[in-house]
Amino acid sequence: MKYTQLGRTGLKVSRLVLGTMNFGPHTDEADSHAIMDTALDAGINFFDTANVYGWGDNKGRTEEIIGNWLAKGGERREKVVLATKVYGNMGADGEAWPNHDKLSAVNIRRAVDASLKRLQTDHIDLYQFHHVDRATPFEEIWQAIDVLVQQGKILYVGSSNFPGYKIAQANEVAARRGGTIGLVSEQCLYNLYERRAEMEVIPAAQEYGLGIIPWSPLHGGALGGVLKKEIKGGRRSEGRAAGAMSGPEVHAKIQAYEDLLDKHGLEPGEAALAWLLTRPGVTGPIVGPRTAEQLDSALRAVELELSDELLAGLDEIFPGPGPSPEAFAW
């Protein structure tokens, strides 16, 4: 496994991030534990989750599964950089009681304690804001975070799904307050198919020293060899992949993408991950395996070296927006 530092911090993390969203809804606890063991044995030390994972009436279940795994000992907790998130409504009935969601100081304090209990640990390494809260000023958010850092309950703070201007706003407020390191990472939708983050989110993150953690690196499976799998009788596209395949123009792009990688003797999903690892500012993509086989495939991506010819071919099929601000200006 290869490692890098998370943004401007001294924290060393693996170039692949183990996403756990499938733990509970799609992967049972025993198999989830096996995947985490395999990931740790392979050198992945960065695990990502969120308090709402488990979904529906089972919100929090994913954190519980991780907590039970950490409780097995064997220096699991000492080896893992543990990241979770706050924002979502944790009410089982789908309706939040006032102050039981978003980023008020009240909810942040309550959510941290609940996550610590489910995760069976005394601290969270990276605590991430899962979404922008337009109603809560960053002065209040950072005051709540400062207390939690002083208490030793969290160490670093990151954002997720933030636009570039909110990254700037958050860190400018942190700088004015003094003594607050501010955001150190941004978890955003970013992959070969979806490159809008290159316009403002990634430039803002680089300017303020945030590590980029791409989620949905295969665009819900659209970049994972979906056409080849359908021909072989695999499961049909669904979710984000189905949306990506909805028009003939996009279908042609995906076909050209798979044909290009077939020419180079590469698996589409592994190449898509390897491409992200070449991108400036990227710490590591989140891989969310449902099975051990999917994890093995992701691990191979770390060792892939993509040729300049292949990178140019990928840019032709999936051109990015171009440098900012030229992408949206003269």
Side-chain angles (χ1 to χ4, degrees), residues 1-7 9 11-27 32-33 35-40 42-55 59-70 76-88 111-112 114-116 118-121 123-131 154-162 183-191 197 201 205 210-218 220 273 276-277 281-290 294-295 298-299 301-302:
M1 180 52 59
K2 297 177 182 178
Y3 299 88
T4 189
Q5 288 176 219
L6 180 62
T9 75
L11 184 66
K12 291 184 178 180
V13 294
S14 51
R15 298 285 336 256
L16 288 182
V17 184
L18 182 68
T20 62
M21 189 169 64
N22 288 320
F23 294 176
H26 301 290
T27 308
S32 298
H33 285 195
I35 288 172
M36 286 187 279
D37 281 333
T38 300
L40 197 61
I44 296 178
N45 75 334
F46 199 1
F47 288 18
D48 176 76
T49 191
N51 59 352
V52 294
Y53 289 173
W55 311 111
K59 292 174 183 175
R61 177 59 183 146
T62 303
E63 285 189 332
E64 291 176 350
I65 289 173
I66 296 169
N68 291 339
W69 179 79
L70 293 172
R76 285 174 170 83
R77 182 64 188 94
E78 291 77 9
K79 292 179 179 178
V80 167
V81 174
L82 184 60
T84 192
K85 308 181 193 76
V86 58
Y87 179 88
V112 164
S115 285
L116 289 172
R118 287 189 293 266
L119 291 165
Q120 300 187 52
T121 185
H123 74 282
I124 294 161
D125 298 303
L126 178 64
Y127 200 53
Q128 301 161 107
F129 307 136
H130 212 163
H131 197 275
I154 62 174
L155 300 182
Y156 302 95
V157 179
S159 57
S160 181
N161 305 304
F162 271 35
L183 301 174
V184 303
S185 64
E186 160 61 19
Q187 190 176 132
C188 60
L189 174 60
Y190 184 39
N191 54 55
V201 174
L210 279 66
I212 295 293
I213 306 171
W215 60 266
S216 195
L218 304 186
L273 290 173
L276 279 170
L277 293 172
V282 168
T283 298
I286 296 175
V287 295
R290 298 186 184 190
Q294 290 176 343
L295 177 59
L299 289 168
V302 180

**Prompt:** Heavy atoms, side chains only, cut-off 4.5 Å: are Phe162 and Val201 in contact?
**Reply:** no
**Request:** Kindly indicate whether the side chain of Ile66, heavy atoms from C-beta on, has any atom under 4.5 Å from the side chain of Met36.
**Result:** yes
**Message:** Is it the case that over 12 heavy atoms from other parts of the model lie below 6.0 angstrom from the NZ atom of Lys12?
**Reply:** no
**Contact summary for Leu6 and Thr9, nearest pair of heavy atoms** = O-OG1, 2.7 Å
**Asked** If you look at every heavy atom in Leu273 and Ala301, which pair is closest and at what distance?
**Response** CB-CB, 3.6 Å
**Message:** Would you say that Ile286 contacts Pro214 through its side chain, given a criterion of any heavy-atom pair below 4.5 Å between the two side chains?
**Reply:** no
**Prompt:** What's the shortest heavy-atom distance between Leu295 and Ala39, and which atoms?
**Reply:** CD2-N, 3.7 Å
**Request:** Before giving the answer on side chain to side chain contact (heavy atoms under 4.5 Å, CB included), spell out for Leu16 and Leu299 the whole-Å C-alpha distance, their side-chain angles and the decisive distance to 0.1 Å.
**Result:** CA-CA 8 Å; Leu16 288 182; Leu299 289 168; 4.2 Å; yes
**Asked** Applying the side-chain contact (heavy atoms from CB on, under 4.5 Å) test to Leu40, which of Val80, Leu18, Ile35 qualifies?
**Response** Val80
**Asked** Could you state the interatomic distance from OG (Ser160) to NE2 (His130), rounded to the nearest 0.5 Å?
**Response** 5.0 Å
**Request:** For Leu218 and Asn191, run side chain to side chain contact (heavy atoms under 4.5 Å, CB included): C-alpha distance rounded to whole Å, both residues' side-chain angles, the deciding distance at 0.1 Å, then the answer.
**Result:** CA-CA 7 Å; Leu218 304 186; Asn191 54 55; over 6 Å; no
**Prompt:** Checking Asp125 side chain against Ile154 main chain: does a donor-acceptor pair fall under 3.5 Å?
**Reply:** no
**Message:** Between Pro285 and Leu277, is there a side-chain heavy-atom distance shorter than 4.5 Å?
**Reply:** yes
**Fill in**
Note: Asn45 and Ser14 closest approach over all heavy atoms is OD1-N, 2.8 Å
**Item:** Rounded distance [0.5 Å steps], CZ in Arg290 versus CE in Met21
**Value:** 8.5 Å
**Asked** Does the Arg15 side chain pair with the main chain of Val282, one donor and one acceptor, at a distance under 3.5 Å?
**Response** yes
**Prompt:** Between Phe47 and Trp69, is the gap from one ring center to the other below 6.0 Å?
**Reply:** yes
**Request:** Taking the side chain as every heavy atom from C-beta outward, state whether Tyr53 and Asn22 have any atom pair closer than 4.5 Å.
**Result:** no
**Glu63 and Ser115 side chains, donor-acceptor separation under 3.5 Å** = yes
**Prompt:** Which atom pair, heavy atoms only, marks the closest approach of Ser185 to Ile213?
**Reply:** CB-CD1, 4.0 Å
**Request:** Please determine, by modelled atom types, if Thr49 and Thr20 share a side-chain donor-acceptor pair under 3.5 angstrom.
**Result:** yes
**Asked** side chain to side chain contact (heavy atoms under 4.5 Å, CB included) between Gln128 and Val157: does it pass, once the steps are laid out?
**Response** CA-CA 6 Å; Gln128 301 161 107; Val157 179; over 6 Å; no
**Request:** Please confirm whether the backbone N or O of Ile65 pairs with a side-chain atom of His33, one donor and one acceptor, at under 3.5 Å?
**Result:** yes
**Prompt:** Does the side chain of Thr62 come within less than 4.5 Å of Asn51's, by heavy atoms?
**Reply:** no
**Message:** Is it the case that the side chains of Trp215 and Asn161 hold a donor-acceptor pair, with the cut-off being a distance below 3.5 Å and no angle test?
**Reply:** yes
**Request:** For residues Ala205 and Ile212, report the shortest heavy-atom separation together with the two atoms involved.
**Result:** CB-CD1, 3.4 Å
**Item:** Exam field: side chain Arg61 to backbone Trp55, donor-acceptor pair closer than 3.5 Å
**Value:** no
**Request:** Could you go through the side chain to side chain contact (heavy atoms under 4.5 Å, CB included) check for Val81 and Leu11 one step at a time?
**Result:** CA-CA 9 Å; Val81 174; Leu11 184 66; 3.8 Å; yes
**Asked** Tyr3 versus Val13: any side-chain heavy-atom pair under 4.5 Å?
**Response** no
**Message:** Would you say Gln187 and Asp48 are linked by a side-chain donor-acceptor pair, where the criterion is simply a distance under 3.5 Å?
**Reply:** yes
**Any Arg77 side-chain heavy atom under 4.5 Å of Gln120 side chain** = no
